[in-house]
Amino acid sequence: MDMLDTTSTVAVSLYALLSTAYKSMQAVYSLPTDVSLASQGLAGFDELPSVDVIVPSFNEDPRTLSECLASIAGQEYGGRLQVYLVDDGSENREALRPVHEAFARDPRFNILLLPQNVGKRKAQIAAIRRSAGDMVLNVDSDTILASDVIRKLVPKMQDPAVGAAMGQLTARNRNDSWLTRLIDMEYWLACNEERAAQARFGAVMCCCGPCAIYRRSALASLLDQYESQYFRGKPSDFGEDRHLTILMLKAGFRTEYVPSAIAATVVPNKLGPYLRQQLRWARSTYRDTLLGLRLLPNLNRFLTLDVVGQNLGPLLLALSVLTGLAQLALTGTVPWLASLMIVAMTMIHCSVVALRARQRRFLGFSLHAFINIFLLLPLKAYALCTLSNSDWLSRSSAGNSNQHPATDARTTECSGHATAPRRLNPARDSARRTTSDCMCSDE
């Protein structure tokens, strides 16, 4: 049984060395720099670029969707703005109808009603192919944007080498439960440590779906690859934000992070939905990490350490925990050294983050260690063993998302944009609006 104790101690020691090196460099590289295109404002453009905002929606709560669209309508941006809300075959479309009608009156809003659920990725593509703006901003339907998000993101795109940029995410429902508070802190760490450090080298590995802007010229060249992702011969529909980011990097574009562009998104408030979400994310991370490995020789060495730290680190920690539990079960002795090292590392990291963020709440993030060790590590192991599974796990129409119907399928489209081809002209038909209904036409 000494071998179990030795294995646990060695594994946690290697984890400590790797994690210390990785987190130390991450902390240094994530510090803000003085020189930033974003700090120069919009003066670098001869003319403000037009922006198309794509909002895919499936079975969204009407109030949540309305608040999301209102935050987009209230953007303080002087350039041309068009919004494409794509209802992806929602089963509660009648409940959403008043929201569609209200925003269809705004000439900037275009409402696309897909006849059946095709999945978030294909819903996005349906709108992207109908739009023509210089930039494309993807926004999740449960996300509220700060009023200056577009004004903060667009300057980062002044450099033609930048293909994509993301804003900082927060938990919109942070105060719902102890879990949402932990997730909010998890988002802060993911954005202001991980993404910020990666952005130092122009290689953010995942521009998150709730708020990410893309250069259309770059996006157009990748759209077919983005649409037709397969893994082991099966269609792969989730993890669209990470996959698109990796495609941008493979094409030679930089991907950036703008911490001042704040987007608040709804996060799971119960363990069940949270773990299902984490399972999808783990599978997509493993899949695209395999794709991203080819990029590493051309990127800064820190990014190699970043990939190793995020993938090998949890494996070492899992090995230490498993052998420690085996030691406890078989001998009744506690692996004190390994346990104390894990506790010490957790407390040191949380203390450093609390000082850096100047928020004492991050001391409480130490509770997340229990979720990580006893729930997320086994879940990641399961994800690794079931990589071919593409079930969304949380979608009532998940089966439809794997059928991959053509994105140019018939859609019902409601629009307030008077000049868009094959869309209704609200002014022309205003005489026929007797109940403020959204005027729809089949394409």
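Computed from a prediction, not measured in an experiment: that's the story for all the values here. Values reported hereafter were calculated over all heavy atoms of this structure, with side chains retained and with hydrogens, waters and symmetry mates removed.
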Please list, one pair per line, the donor and acceptor atoms closer than 3.5 Å that link side chains of residues 373-387 to other protein atoms, with sequence neighbours excluded.
{"residue": "T386", "atom": "OG1", "partner": "R283", "partner atom": "NE", "Å": "3.2"}
{"residue": "T386", "atom": "OG1", "partner": "R283", "partner atom": "NH2", "Å": "2.9"}
{"residue": "T386", "atom": "OG1", "partner": "Y382", "partner atom": "O", "Å": "2.8"}

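- With hydrogens and angles disregarded, no donor-acceptor distance shorter than 3.5 Å links the side chain of D140 to the backbone of T143.
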Please test E194 against L189 for side-chain contact (heavy atoms from CB on, under 4.5 Å), starting from the C-alpha separation and ending with a verdict.
-> CA-CA 7 Å; E194 181 184 318; L189 293 168; over 6 Å; no

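- Put simply, the side chain of T323 gets close to the backbone of S320: a donor and an acceptor are under 3.5 Å apart.
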Before giving the answer on salt bridge (Lys or Arg N to Asp or Glu O under 4.0 Å), spell out for R361 and D184 the whole-Å C-alpha distance, their side-chain angles and the decisive distance to 0.1 Å.
-> CA-CA 11 Å; R361 68 187 178 114; D184 183 64; 2.8 Å; yes

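- Looking only at side-chain heavy atoms (C-beta outward), Q82 and S131 stay at 4.5 Å or farther from each other.
- Across all their heavy atoms, V149 and C211 have their closest contact at CG1-SG, 3.7 Å.
- With 3.5 Å as the limit, one finds no donor-acceptor pair spanning the side chains of Q168 and Y187.
- The ring pair (Phe, Tyr, Trp, His ring centres under 6.0 Å) contacts involving residues 189-222 comprise Y29-F201, F201-F302, where partners must be two or more places apart or lie in separate chains.
- Without hydrogens or angle criteria, R80 side chain to V51 main chain gives no donor-acceptor distance under 3.5 Å.
- Of the possible polar contacts, one joining the R216 side chain to the G133 backbone as a donor-acceptor pair under 3.5 Å is found.
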Any chance you could lay out the side-chain hydrogen bond (donor to acceptor under 3.5 Å, both in side chains) test for D134 and S50, step after step, and finish with the verdict?
-> CA-CA 5 Å; D134 300 316; S50 55; 3.3 Å; yes

Are M166 and C191 close enough, and set up right, to give a side-chain contact (heavy atoms from CB on, under 4.5 Å), and what steps lead you there?
-> CA-CA 9 Å; M166 65 167 284; C191 290; 4.1 Å; yes

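- Applying the side-chain contact (heavy atoms from CB on, under 4.5 Å) test to T20 and every residue at least two apart in sequence or in another chain returns S24.
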Run the numbers on S30 and E193 for side-chain hydrogen bond (donor to acceptor under 3.5 Å, both in side chains), then give the verdict.
-> CA-CA 5 Å; S30 63; E193 284 193 343; over 6 Å; no

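- No salt bridge links R130 with D52; every basic N to acidic carboxylate O contact stays at or beyond 4.0 Å.
- Inspection of the D142 and T265 side chains reveals an N or O donor paired with an N or O acceptor under 3.5 Å.
- Taking all atoms of both residues into account, the shortest heavy-atom contact from C207 to A164 is SG-CB, 4.1 Å.
- A donor-acceptor contact shorter than 3.5 Å links the side chain of S71 to the backbone of L145.
- No side-chain heavy atom of T289 sits less than 4.5 Å from a side-chain heavy atom of Q310.
- Looking at P56 and D88, their side chains never come closer than 4.5 Å, going by heavy atoms from C-beta outward.
- For the pair S57 and L85, the minimum side-chain heavy-atom distance is below 4.5 Å.
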Given D5 and S8, is the side-chain hydrogen bond (donor to acceptor under 3.5 Å, both in side chains) satisfied, shown in steps?
-> CA-CA 5 Å; D5 184 46; S8 180; 5.8 Å; no

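- How far CZ of R301 is from CG of L296: 13.0 Å, rounded to the nearest 0.5 Å.
- Of the possible donor and acceptor atoms, one in the side chain of R215 sits under 3.5 Å from a partner among the backbone N and O of M157.
- Distance check: C208 SG to R195 CZ gives 4.0 Å after rounding to the nearest 0.5 Å.
- Here the CG atom belonging to N110 is positioned 13.5 Å from the CZ atom belonging to F103, to the nearest 0.5 angstrom.
- Interatomic distance, CZ of R121 versus CG of D241, reported as 9.0 Å (0.5 Å rounding).
- Partners of H368 under the ring-ring contact (aromatic ring centres under 6.0 Å, His included) rule, at least two apart in sequence or in another chain, are F365.
- Between V139 and C68, the closest heavy-atom pair is CG1-SG, 4.2 Å.
- In this structure, R356 places its CZ atom where more than 12 heavy-atom neighbours from other residues, nucleotides or ligands lie under 6.0 Å away.
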Could you check E227 against R129 for salt bridge (Lys or Arg N to Asp or Glu O under 4.0 Å), going step by step and ending with a plain yes or no?
-> CA-CA 12 Å; E227 181 177 11; R129 286 182 169 155; 3.2 Å; yes

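- Taking every heavy atom of both residues into account, S260 and K152 meet most closely at OG-CD, 3.5 Å.
- In this structure the side chain of I150 reaches within 4.5 angstrom of the side chain of L81, judged on heavy atoms.
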Evaluate the side-chain contact (heavy atoms from CB on, under 4.5 Å) criterion for residues N117 and F58: first the C-alpha distance (whole Å), next the side-chain angles of each, then the deciding distance (0.1 Å), finally the verdict.
-> CA-CA 8 Å; N117 176 245; F58 177 68; 3.3 Å; yes

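- Rounded to the nearest 0.5 angstrom, M345 CE and C350 SG are separated by 11.0 Å.
- A heavy-atom distance below 4.5 Å is not found between the side chains of L367 and I371.
- Under a 3.5 Å cut-off, the side chain of R200 and the backbone N or O of L31 do form a donor-acceptor pair.
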side-chain contact (heavy atoms from CB on, under 4.5 Å) assessment of V86 paired with Q124 | CA-CA 7 Å; V86 189; Q124 286 177 337; over 6 Å; no

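- Separation of atoms CG (N138) and CD1 (I128) is listed at 5.5 Å; rounding is to 0.5 Å.
- In summary, of the residues considered (T7, V334, T6, L4), a side-chain contact (heavy atoms from CB on, under 4.5 Å) with Q327 occurs for L4 alone.
- Judged purely by atom type and a 3.5 angstrom limit, Q75 uses its side chain to pair as donor or acceptor with the backbone of A146.
- Checked against ring-ring contact (aromatic ring centres under 6.0 Å, His included), W188 has the following partners two or more places apart in sequence or in another chain: F362.
- Counting heavy atoms from C-beta on, the side chains of S13 and M341 come closer than 4.5 Å.
- In this model, a donor atom of one side chain and an acceptor atom of the other lie less than 3.5 Å apart for D306 and Y22.
- Salt bridge annotation for R181-E186: absent, with no cationic side-chain nitrogen under 4.0 angstrom from a carboxylate oxygen.
- The side-chain contact (heavy atoms from CB on, under 4.5 Å) check on T180 picks up N173, D176, S177, V267, N269, with sequence neighbours excluded.
- Side-chain contact between Q26 and Q198 is absent, with no heavy atoms from C-beta onward closer than 4.5 Å.
- Between R254 and E256 a salt bridge is recorded (basic side-chain N to carboxylate O distance below 4.0 Å).
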